[in-house]
Number of protein chains: 2
Amino acid sequence: MGAMSNVERAVSALRQMIFAGELPPGSDHLETELAEKLGMSRTPVREAALMLQAQGLVEMRPRRGIRITPVSADDMAEIYDILTELESLAAARAAEAQYSKADLANLATAIRDMDAALAVDDLRAWAEADDRFHRELVRLGRNARLSMVVSVMRDQVRRARATTLFMRPKPKQSNEDHRVVYQAIARGDAQVAHDTHHAHRQAARDMLVALLEKHQFHGL
Amino acid sequence: MGAMSNVERAVSALRQMIFAGELPPGSDHLETELAEKLGMSRTPVREAALMLQAQGLVEMRPRRGIRITPVSADDMAEIYDILTELESLAAARAAEAQYSKADLANLATAIRDMDAALAVDDLRAWAEADDRFHRELVRLGRNARLSMVVSVMRDQVRRARATTLFMRPKPKQSNEDHRVVYQAIARGDAQVAHDTHHAHRQAARDMLVALLEKHQFHGL
DNA sequence: GTATGCGCTTGTGTATACATTAACGCATAA
DNA sequence: TTATGCGTTAATGTATACACAAGCGCATAC
């Protein structure tokens with residue numbers, strides 16, 4: 001069976017519960033309580049919580065329990081600002097790397113999937129493919145630390161997206177942008193790859209923040 | 001006395017030992033050993049190590065002990081790339097924030113201190129003031145998450161700088177750059193603040209990476 | 001009715017005990 | 001000599017025990 005420690009199990013389980021909304025943002029949970037729910041002692045739960053705290057998903061406050069970090073509109077603005085810069089750098093680096101068409105296959109597939117999903121109005125499938133595109137883009141940028149930071153930030157975005165996905169306008173421009181970024185990377189044009197992606201993310205940021213503020217999600 | 005937990009004590013102590021070179025990069029240390037050295041049990045040491053691991057300062061490998069993460073020239077290139085983007089964003093945001101002269105006092109002081117240190121060839125004082133300038137710049141950018149990411153990255157740079165500070169050319173251009181960034185922020189010119197700082201960091205990156213590669217610090 | 005203080009409850013921080021299992025050495029064989 | 005396998009050692013992962021201190025309620029005084 002999987003050589004998975006209890007700490008690892010706790011981390012995945014807690015993450016899943018957080019993303020599923022089973023542990024709602026802002027809610028507090030005692031270590032003992034979570035330990036019991038996960039069928040293990042407090043020790044691995046504590047260690048798991050410590051890791052999730054480092055990623056900003058929870059906060060441990062003495063005697064108040066483990067709080068699921070709420071994410072406000074302001075937080076989301078911060079997060080998108082970071083994502084914008086780092087992903088754009090990755091796009092530029094990917095362009096500089098002179099990848100072959102084969103190397104970019106995953107990107108191309110993700111774009112196709114987004115188009116297909118949009119054609120049949122399947123927003124969930126679109127979001128999944130969009131995630132895939134961005135993950136692959138960052139991977140191609142070949143900066144392990146950057147990938148880690150971005151993935152932490154993206155986790156936070158995912159939490160907000162669950163709520164806002166069905167409120168926002170159709171992501172039509174989005175697919176257009178992705179295609180331009182892809183082509184710039186393919187022909188090695190770092191500047192265009194960078195700037196296009198930068199504008200793309202910034203637009204997403206503005207849209208999302210406006211949405212969150214409008215709907216008063218001040219502590220999602 | 002200070003209401004400081006053993007975990008907090010362990011974190012500071014370990015950080016200090018790492019930065020002082022007392023725990024050299026690449027070295028392994030058993031939990032028991034560190035616990036004894038710090039005068040506490042394994043539990044708080046483990047929790048401290050977990051936190052430092054999240055910041056990339058150590059790696060915990062089953063049965064091999066806690067390893068002080070080595071930093072190669074390639075790592076340093078990654079780190080500087082991230083610093084470059086995020087600090088430049090902070091500079092732009094700071095410019096947009098329309099700070100008063102008084103708000104920028106810390107920046108101005110840091111610049112003066114750098115000039116003074118350079119005039120008497122005190123590289124250590126220069127490095128300290130340089131750190132101060134960059135920390136303040138990021139603070140003015142008003143993005144808490146960005147500040148955290150940057151501070152993690154800067155910790156890594158500090159480790160390399162201890163070694164390379166006395167090899168590199170006099171940072172004369174550096175002071176010039178800082179002044180331009182400061183003035184751009186003061187007059188609210190986000191574009192110049194961003195671009196100047198970006199170029200500044202990129203130059204530093206290239207210099208440092210070349211230095212590290214030349215001296216074969218492939219696992220500092 | 002409101003404020004103040006005391007004691008109790010209970011969650012956490014830390015120490016400790018213990019089972020598991022990976023790594024190392026040694027012996028044996030090719 | 002080198003490779004392979006077994007047994008021992010010992011470091012970790014996890015459970016558990018316990019002391020301390022923060023928060024809560026209740027009682028008492030104003």
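Throughout, protein chains are lettered first and strands after them, A, B, ... in sequence-line order, and every chain is numbered starting at 1. These numbers come from the heavy atoms of this one structure, side chains and all, not from hydrogens, waters or symmetry mates. A quick note: this is a predicted structure, and the numbers were derived from the prediction, not measured.
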Just the rounded figure in Å: distance from C1' of D/dG13 to CE of A/M40. 12 Å
Grab the CD-P distance between B/E31 and D/dA10 for me, whole Å please. 17 Å
Without decimals, in angstroms, what is the distance between B/D28 CG and D/dA10 P? 17 Å
Expressed as a whole number of angstroms, how long is the span from B/L30:CG to D/dT9:P? 17 Å
Report, as yes or no, whether the 6.0 Å neighbourhood of atom CZ on B/R168 holds more than 12 heavy atoms from other residues, nucleotides or ligands. yes
Could you please spell out the steps behind the side chain to side chain contact (heavy atoms under 4.5 Å, CB included) verdict for B/D131 and B/R161? CA-CA 11 Å; B/D131 255 5; B/R161 184 149 73 178; 2.9 Å; yes
Is it the case that over 12 heavy atoms from other parts of the model lie below 6.0 angstrom from the CE atom of B/M207? yes
Atom-to-atom span, CD of B/E36 to C1' of D/dA11 - whole angstrom: 15 Å
To the nearest angstrom, the CZ-C1' distance between B/R67 and D/dA11 comes to 16 Å
Provide the closest heavy-atom pair for A/D113 versus A/A129 in the form atom of the first, atom of the second, distance. CB-CB, 3.8 Å
Could you go over nucleotides 6-8 of chain D and give all protein N or O partners under 3.5 Å, atom names and distances?
none

Residues A/S72 and A/D75: side-chain donor-acceptor under 3.5 angstrom: yes
A/R124 atom CZ, over 12 foreign heavy atoms within 6.0 Å: no
Starting from C1' on D/dA11, measure out to CZ on B/R61 and report it in whole angstrom. 14 Å
Measure the acute angle between the ring planes of A/H178 and A/F133, then classify it against the limits of 30° and 60° as parallel, tilted or perpendicular. tilted
Donor + acceptor pair across side chains of A/E87, A/H198 (<3.5 Å): no
So, taking the atom named CE in A/M114 and the one named OG1 in A/T109, what distance separates them when rounded to the nearest 0.5 Å? 10.5 Å
If you look at every heavy atom in B/A49 and B/V58, which pair is closest and at what distance? O-CG2, 3.6 Å
Sorted by chain and residue number, the salt bridge (charged side-chain N to carboxylate O under 4.0 Å, His left out) partners of A/E22 (sequence neighbours excluded) come out as none
Report the residue (A/N6 or A/P62) whose heavy-atom-nearest nucleotide on DNA chain D is the more 5′ of the two. A/N6
Look at B/E128 together with B/R132 and state whether they make a salt bridge at an N to O cut-off of under 4.0 Å. yes
How far does the helix from C/dG1-D/dC30 to C/dA30-D/dT1 bend, going by the axes of its first and last five pairs, to the nearest 10°? 10°
According to side chain to side chain donor-acceptor pair (under 3.5 Å), who are the partners of A/D103, at least two apart in sequence or on a separate chain? A/S100
With a cut-off of 6.0 Å (strictly less than), are more than 12 heavy atoms of other residues, nucleotides or ligands near CD of B/Q16? no
Write down the distance between CG (A/L50) and C1' (D/dG13), rounded to a whole number of angstrom. 15 Å
Shoot me the first and last contacting nucleotide of DNA chain C against chain A, ordered 5' to 3', at under 4.0 angstrom to non-hydrogen atoms. C/dT10 to C/dT14
Sub-3.5 Å pairs of nitrogen or oxygen atoms, protein against nucleotides 17-21 of chain D:
unit_1 : atom_1 : unit_2 : atom_2 : d
D/dA21 : N3     : A/R63  : NH2    : 3.4

